[in-house]
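Just so you know, these numbers come straight off a predicted model, no measurement behind them. All heavy atoms count here, side chains included; hydrogens, waters and symmetry mates do not.
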Amino acid sequence: VVASPSMTHHLHASLSRRESQIIEAVQLLGEATIAGIRVRLPDAPGESAVRVMVGALVKRGVLRTVASGAGSDGTRVEGSTAASSMTGPG
């Protein structure tokens, strides 16, 4: 999954704490799988809960999926400049 370039600063204010943590994990990694995001969340929910939250962020245009190569470990997401600028230098 990747943070979408169309994400705005206004959207950041509407993100829940957990959604913000997911965005920060994706930005830190540059590109991440659901499992990669989950291990970086404090008090991490189950994998299916993370998948649902990431899916909602993709649907809202905050994150986008990235094509996975053969033998990959699942859906990947990636961070963007727009998302990075919302959370500041990290």
Looking only at non-hydrogen atoms, find the nearest pair between Leu29 and Ala32 and report the distance.
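Result for this residue pair: CD1-CB, 3.4 Å.
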Please assess Leu57 against Leu15 for the test side-chain contact (heavy atoms from CB on, under 4.5 Å), listing each intermediate value before the final yes or no.
CA-CA 9 Å; Leu57 289 167; Leu15 296 175; 3.9 Å; yes
Distance, nearest 0.5 Å, that separates OG of Ser14 from CZ of Arg60
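The CZ atom of Arg60 is 5.0 Å from OG of Ser14, to the nearest 0.5 Å.
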For the atom pair CD1 (Ile34) and CD (Glu47), what is the distance rounded to the nearest 0.5 Å?
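Rounded to the nearest 0.5 Å, the CD1-CD separation comes out at 7.5 Å.
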Testing Leu63, Ile37, Leu28 one by one against Ile23 for a side-chain contact (heavy atoms from CB on, under 4.5 Å), which residue passes?
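Single pass found, and it is Leu63.
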Does Ile22 reach the side chain of Val62, with side-chain heavy atoms less than 4.5 Å apart?
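A side-chain contact is absent here, since even the closest heavy-atom pair is not under 4.5 Å.
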Taking side chain as C-beta onward, heavy atoms only, is Glu19 less than 4.5 Å from Glu24?
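Result no, sub-4.5 Å side-chain heavy-atom pair not found.
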I'd like to check the side-chain hydrogen bond (donor to acceptor under 3.5 Å, both in side chains) partners of Arg18; sequence neighbours left out, ordered by chain and number.
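Listed in chain order: Gln21.
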Under the rule for side chain to side chain contact (heavy atoms under 4.5 Å, CB included), what residues qualify as partners of Ala49, not counting sequence neighbours?
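Side chain to side chain contact (heavy atoms under 4.5 Å, CB included) check on Ala49 returns Pro45, Met53.
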